[in-house]
Structure formats: C-alpha cells, structure tokens
Amino acid sequence: MTIQWFPGHMTRARRQIEEKLKLIDVVIELLDARIPLSSRNPMIDEILQNKPRLVLLNKNDLADPEVTAQWVAYFAEQGLQALPVDAANGSQMKEIMARCRELMAAKFEAQLRKGIKPRAVRALIVGIPNVGKSTLINRLAGRKIAATGDKPGVTKAQQWIKVGKEMELLDTPGILWPKFEDQQVGMRLAVTGAIKEELLHTDDIALFAVRYLAQHYREALKERYAIEKLPDDMTDTNAVIEVMEAIGRKRGALMSGGRVDLDKAALVILRELRAGKMGRVSLERPDISLVD
Ligand code: G4P
C-alpha cells in the first residue's frame, strides 16, 4: 500500500494515533530492521509522548544480524527496548507479549498493592506503510484480521483483539509517515520496497543499492553475479553503472542490438536484493548513520 502523504493526511494520522493512545498502555513501534531510522516517523517521540514503548525491528530475516545487534544497542542507549522480529514467520510472538507485560510490571504491581487485579495489557501497533503492521497483527491474533480502515483519515469502531490471556491489541494499527523528504531516506525506503518505484527512478534506486552493496557487502555482490573484480572507487557513478551493466549482461537484460537494458537490470537487482538473494543485508548502520 502506498499513501501519498500531504500535510492534511499527516495531521489526521497524528490525531488518530493520539486518540488511540488514550485507550492503550503500550505502543509497539514497528521499524524495518534493515533501515531502522529511515523507516521511522520523524515526529515519533513527540507523538507518543511518554507512553511505554517497545521497538520491534521487523523483517529481521532480511537484515544483517551483526548490524541489527548494533541497532539494539543504539536503542538501548536511548532507553528503548528493541527486539528483532520476523512477523512473517511468527517467531518471537511470546517474547513480544512478555516484553509488553514487563513494561507495565511496575504499574500493575502498584495496583495489586492497592487490591486492583491487573487487567490485560492494551497495545497499539504503529509504523509506516509496508513495515509489516498487518502481518504482525495477524500473527499476534493467530488469525487473519480484516484490514479495514487502513487509511489515514478513515475512522471506524475500535475492536480489541485478544492475544493470549494477558494482552489485547487494537485491530487497526496507527499508520505513520516516514521522513521521505530526505533523499537518502527516500532511496533506502525505495530499495526495501517501502515506497513505490514510480516515485523515484528505478535505475537511480538500483544505483544507490549497488553502490551501497559494493561498499558494505562487496563479497556477497561479487559472488551473486560472478563478478571477478569490482572497481575500487564506487563513488564514481560511471563505475557503478558499469557494474550494473555487467549484472544486466549476466541476467540477459538486453535490448535489441545487444546493449544492456539498464532499467531491466535495475529491476533484477532490486528484486533479488529484496528477496534476500544477496544474503542478509542492512542498508543503514548506527555507526555511519546519515539521518539526523
Ligand atoms: P503494513 O500493514 O505495515 O502496510 O505491512 P504488511 O503487513 O502488509 O506487510 C508488507 C509486506 O512485508 C508484505 O509483503 C509482508 O509479507 C512483508 N513482511 C511483513 N513482515 C515480514 C518479515 O518479518 N519478513 C519478511 N521477509 N517480510 C515481511 P508483500 O510482498 O507486500 O505481500 P505478500 O508477499 O506477503 O503477499
């Protein structure tokens, strides 16, 4: 799903989440483990205020485990618990429930001392489009929940979904906008498929991806496309295009006359990267993060 975000949508989306916050105890902030900052809403702290929060680094199956561990430490430094998960495969669901409960432990204990029996923890999932919110809701619910009202501005009656005995989840997630006005962020979102290719040129997106891979996952790139030697200086755009052409030739992405069809080559590269064919790749690292 792609949403064209305009200021009016953003205001409405924010207001909707603020309304939902009144109903819940814990926010589950869903990020893409490959691009935790680029897949994050730029105003998230302001919107969520001081609600207890669990960060989930989703699509962990596609992200580089070493880099993900660095991200977990990065969030811990900011006082946020971050848990790598794979919503599509559904592992870690028990751990998510346990962590949410843990976030409420002090409050529930205080209530217990006053003789109030703790109720189920009420949670809301928030995140940008395509980060895996519906997938996670379905996993936690253990069944398919109809995706209705899944647009900013569309309201409907809230339903609670039972997740075990100790947790309840709002059936519609909070949809947030990314910081796409930053070009680097836009590129990373496009590489992962979070925003539609039509918004940017496919060959530019693939160029960005190939350059990043050549810098950080050199061996994986060489191996995947049987490239013997990559140019040393990948800051040179012509060098990146040469690599894309070599990949295009390997994959038969040719135009009549035998020239490489760069658009086709770009699509092949992006499809294979998104499907994890180049191994587990993170496109953003806390040590060289380019996001403010
Ligand atoms: P949203 O509600 O936040 O918009 O996201 P949604 O759940 O629709 O998920 C977006 C895409 O991300 C889906 O793929 C979904 O399968 C995939 N996804 C969600 N969680 C994970 C995960 O942990 N790992 C991986 N590898 N993928 C995940 P799709 O191609 O749009 O649809 P489909 O192929 O599942 O039909």
Side-chain angles (χ1 to χ4, degrees), residues 1-5 9-10 13 16-17 20 27-36 38-41 44 47 54-65 67-68 71-72 82-97 99 123-154 156 158-159 161 163 169-180 188-199 205 209 267-268 270-284:
M1 175 192 40
T2 302
I3 300 171
Q4 290 276 16
W5 293 97
H9 290 140
M10 295 183 190
Q16 275 187 355
I17 290 185
K20 288 177 181 175
V27 175
I28 297 175
E29 185 190 1
L30 205 51
L31 304 177
D32 186 319
R34 296 166 295 175
I35 49 168
S38 293
S39 59
R40 201 164 204 217
N41 175 271
I44 192 70
I47 295 171
L54 174 65
V55 173
L56 297 184
L57 302 172
N58 192 36
K59 310 198 184 182
N60 181 42
D61 53 313
L62 298 172
D64 182 337
V67 181
T68 301
W71 281 115
V72 171
L83 178 70
V85 298
D86 174 357
N89 137 308
S91 63
Q92 298 285 29
M93 295 303 117
K94 288 235 161 70
E95 184 64 21
I96 295 173
M97 287 151 73
R99 297 271 185 118
L124 167 71
I125 292 172
V126 303
I128 65 167
N130 278 318
V131 72
K133 297 180 297 299
S134 315
T135 310
L136 180 64
I137 291 177
N138 291 337
R139 278 291 173 189
L140 284 169
R143 66 196 155 93
K144 201 160 165 35
I145 304 293
T148 47
D150 208 3
K151 280 208 175 83
V154 180
K156 67 167 193 100
Q158 301 289 346
Q159 306 272 354
I161 302 165
V163 181
L169 196 63
L170 270 184
D171 66 338
T172 43
I175 305 175
L176 286 163
W177 63 95
K179 189 184 173 184
F180 41 61
R188 292 192 196 113
L189 287 165
V191 172
T192 59
I195 58 176
K196 276 248 191 283
E197 261 139 36
E198 295 93 77
L199 299 175
I205 305 167
L267 281 174
V268 168
L270 292 174
R271 196 170 49 224
E272 296 192 0
L273 176 60
R274 287 173 191 155
K277 301 273 197 243
M278 265 166 256
R280 294 173 73 175
V281 167
S282 292
L283 294 153
E284 197 167 63

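In listed order, ligands and their atoms are each counted from 1. None of the values given here were measured: they were computed from a predicted structure.
Ligand 1 has a nitrogen or oxygen under 3.5 angstrom from a nitrogen or oxygen of Ala87. For the pair Leu62 and ligand 1, the shortest N or O to N or O distance does not fall below 3.5 Å. Some N or O of Gly132 is nearer than 3.5 Å to an N or O of ligand 1, by distance alone.
At a heavy-atom distance under 4.0 Å, no atom of Leu136 approaches ligand 1. Using a 4.0 Å cut-off between heavy atoms, Asn130 contacts ligand 1 through both its backbone and its side chain. In Asp86, the parts holding a heavy atom less than 4.0 Å from any atom of ligand 1 are both the side chain and the backbone.
Remark: side-chain polar atoms of Arg99 are not paired, donor with acceptor, to backbone N or O of Val55 under 3.5 angstrom. A donor-acceptor distance shorter than 3.5 angstrom exists from the side chain of Ser282 to the backbone of Asp64, with no hydrogens or angles considered. Although no hydrogens or angles enter the test, the distance criterion places no donor-acceptor pair under 3.5 Å between the side chain of Asn58 and the main chain of Leu30. With Asn41 contributing its side chain and Trp177 its backbone, the two residues share a donor-acceptor pair below 3.5 Å.
Of all the listed residues (Ile128, Ile175, Thr135), Thr135 holds the heavy atom that lies closest to atom 19 (C) of ligand 1.
Taking the side chain as every heavy atom from C-beta outward, Asn89 and Asp61 never approach each other to under 4.5 Å. Looking only at side-chain heavy atoms (C-beta outward), Val67 and Glu284 stay at 4.5 Å or farther from each other.
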